[in-house]
2 protein chains.
Amino acid sequence: MQTNPPPRRRNAAATREAILASARRAFAQAGYDGAGVREIAAGAGVTAMLVNRYFGSKEQLFAEVLAATAASPTILTRENLKSPRLGETIAAMLVDITKTADTPLEGFLIMMNSASSKRAAEIGREQIEEGHQKLLSSALSGELAPQRAALVLSLVAGFQVMRQMIGLSALAEADPADLVKILAPLFQQLVDGEPGSPVSSPD
Amino acid sequence: MQTNPPPRRRNAAATREAILASARRAFAQAGYDGAGVREIAAGAGVTAMLVNRYFGSKEQLFAEVLAATAASPTILTRENLKSPRLGETIAAMLVDITKTADTPLEGFLIMMNSASSKRAAEIGREQIEEGHQKLLSSALSGELAPQRAALVLSLVAGFQVMRQMIGLSALAEADPADLVKILAPLFQQLVDGEPGSPVSSPD
DNA sequence: TGATAAAGTATACAGTTGCAGACATAAGGG
DNA sequence: CCCTTATGTCTGCAACTGTATACTTTATCA
């Protein structure tokens, strides 16, 4: 590890991390298009050119941010996947964690805010498919595991959007326990694949 | 009211409508920030200045688009709300309608794409709360009706985002019938409030 | 203590964006 | 018929974007 007790001398690694952190913040708040390179740089206390110098381009920076975010522990840890009450676990973490600032769910926020950008959506899709989607669907059993896994992610994303971004009062001001009570069976149903009482009658 | 059934070369009202329609298309596809005034104008066959001339500014145009979209029929018509199988109805319309261009869900797409813009999110929240949220939650019975209604909207939004914007292959390339099969019981459970087989054991 | 490469900055450029002012065109009334 | 006015366009501007080139500053090592 480098020695950097003083505010900040010249330290490439630390600067890189600072830019990465600033970028994550900015992307989470404004999305890919909304966050400017100069703004990101300012947040890290450097000039815009250093961003390109370290990451090549804004696009590559975005990819690295997503990759780093995906690498950090999320709701879907291997440990959690083994839980027999996975639905409740997901629901509880989703509802609870959402409130904190530096959250594993920041990646979802970034994605939601950046989804309008075609290129950013493409990058994010690969990250999600290689990360969460793959991990989760492989942990599920049943015929439509990929689809069910994708719907788990959809519900997580939608909840985040409505509660965090839109700020729907019914969610934002609700009792977390109530939300968990509603969400848990939903997730559980997706995870199990068989709700016990199918609605439509297949072939 | 003026009498001008034939498509006159110069027709203010028709031009205004054309701009509005083009704007709705553009906003649904690229979001508030992503859609340019020139692009919107071109879609209506006019120049950019006419947009500002008729609507004052891009922001006012956006507000009008949202207002008009909210006024148009959505999934949650009063007729649908009476269905005993509301869950399946919602799922079917969500999965099916998504593909079409001029969809009642266009409003949701606009919201999701524009949610990164603070002002746009604020406008959208009011629209949702005054429109869908209110309508749906009043049609539901049970203790946590507003929350359950909000979660219906969340799932709709998340599905839209993941399938349309992110383009998650598990959803985008899935058999629509399969998606409906999974989604229907989810929505039904939210609508009913009681899944029949509760997962967690409350007090 | 210098030399040298790394770390960071300044300037600039080509491309947008939303929007304003001056100009052109066509419709309708006297 | 011309003249007024609504309807629409052309040009341009100031601010912004991402990023390439050239420059300056600092750390490190002989």
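Every heavy atom of this structure was used, including side-chain atoms; hydrogens, water molecules and symmetry mates were not. Sequence lines set the chain letters: A, B, ... in the order given, protein chains first and strands last, and positions in each chain run from 1.
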Step-by-step side-chain contact (heavy atoms from CB on, under 4.5 Å) determination, L140(A) to L81(A):
CA-CA 9 Å; L140(A) 301 185; L81(A) 290 177; over 6 Å; no
Nearest-angstrom distance from the residue atom [atom1] of [X] to [atom2] of [N]:
X	N	atom1	atom2	answer
I40(A)	dT19(D)	CD1	C1'	14 Å
F55(B)	dC19(C)	CZ	C1'	16 Å
R38(A)	dT9(C)	CZ	P	14 Å
I19(B)	dG18(C)	CD1	P	14 Å
K58(A)	dA20(D)	NZ	P	15 Å
Q60(A)	dA20(D)	CD	P	10 Å
N11(A)	dT28(D)	CG	C1'	14 Å

For DNA chain C, determine which residues of residues 29-36 of chain B have any heavy atom closer than 4.0 angstrom to one of its atoms, and list them numerically.
A35(B), G36(B)
Can you list, in residue-number order, the parts of residues 46-53 of chain A that come under 4.0 Å of DNA chain C, counting heavy atoms only?
V46(A), T47(A), M49(A), L50(A), R53(A)
With rounding to the nearest 0.5 Å, note down the distance linking CG in L136(A) to OG in S138(A).
7.5 Å
Quick check for you: to the nearest 0.5 Å, what is the distance between R24(A) atom CZ and I19(A) atom CD1?
14.5 Å
Among D96(B), T89(B), I90(B), find the residue that satisfies the side-chain contact (heavy atoms from CB on, under 4.5 Å) test when tested with M93(B).
T89(B)
Using a cut-off of strictly less than 4.0 Å, decide whether T15(B) has a side-chain nitrogen or oxygen near OP1 or OP2 of dG8(D).
yes
Is Y54(B) near enough to dT7(D) that one of its side-chain N or O atoms lies under 4.0 angstrom from OP1 or OP2?
no
Between E129(B) and S169(A) (side chain of the first, backbone of the second, donor and acceptor by atom type, cut-off under 3.5 Å), is there such a pair?
yes
Could you pull out all residues at least two apart from E59(B) that satisfy salt bridge (Lys or Arg N to Asp or Glu O under 4.0 Å)?
R119(B)
What do the steps show when you test R16(A) against E64(A) for side-chain contact (heavy atoms from CB on, under 4.5 Å), and what is the final call?
CA-CA 11 Å; R16(A) 227 190 102 101; E64(A) 273 216 37; 2.7 Å; yes
Please evaluate residues S114(B) and F62(B) with respect to the criterion side-chain contact (heavy atoms from CB on, under 4.5 Å), reporting the C-alpha separation (whole Å), side-chain torsions for both, the decisive distance (0.1 Å), and the verdict.
CA-CA 10 Å; S114(B) 307; F62(B) 184 73; 3.7 Å; yes
Looking at five pairs on each end of the helix from dT1(C)-dA30(D) to dG30(C)-dC1(D), what is the angle between the two axes, given to 10 degrees?
20°
Applying side-chain contact (heavy atoms from CB on, under 4.5 Å) to F159(B) and V95(B), what does each step give before you reach the verdict?
CA-CA 9 Å; F159(B) 181 79; V95(B) 170; 4.0 Å; yes
Throw together a table of side-chain donor-acceptor distances under 3.5 angstrom for residues 25-46 of chain B, partners on residues two or more places apart or in other chains.
| unit_1 | atom_1 | unit_2 | atom_2 | d |
| --- | --- | --- | --- | --- |
| E39(B) | OE1 | G36(B) | N | 3.3 |

Throw together a table of side-chain donor-acceptor distances under 3.5 angstrom for residues 142-158 of chain B, partners on residues two or more places apart or in other chains.
| unit_1 | atom_1 | unit_2 | atom_2 | d |
| --- | --- | --- | --- | --- |
| Q147(B) | NE2 | A170(A) | O | 3.1 |
| R148(B) | NE | L190(B) | O | 2.8 |
| R148(B) | NH1 | S141(B) | O | 3.0 |
| R148(B) | NH2 | S141(B) | O | 3.0 |
| R148(B) | NH2 | V191(B) | O | 2.7 |
| S154(B) | OG | A150(B) | O | 2.8 |

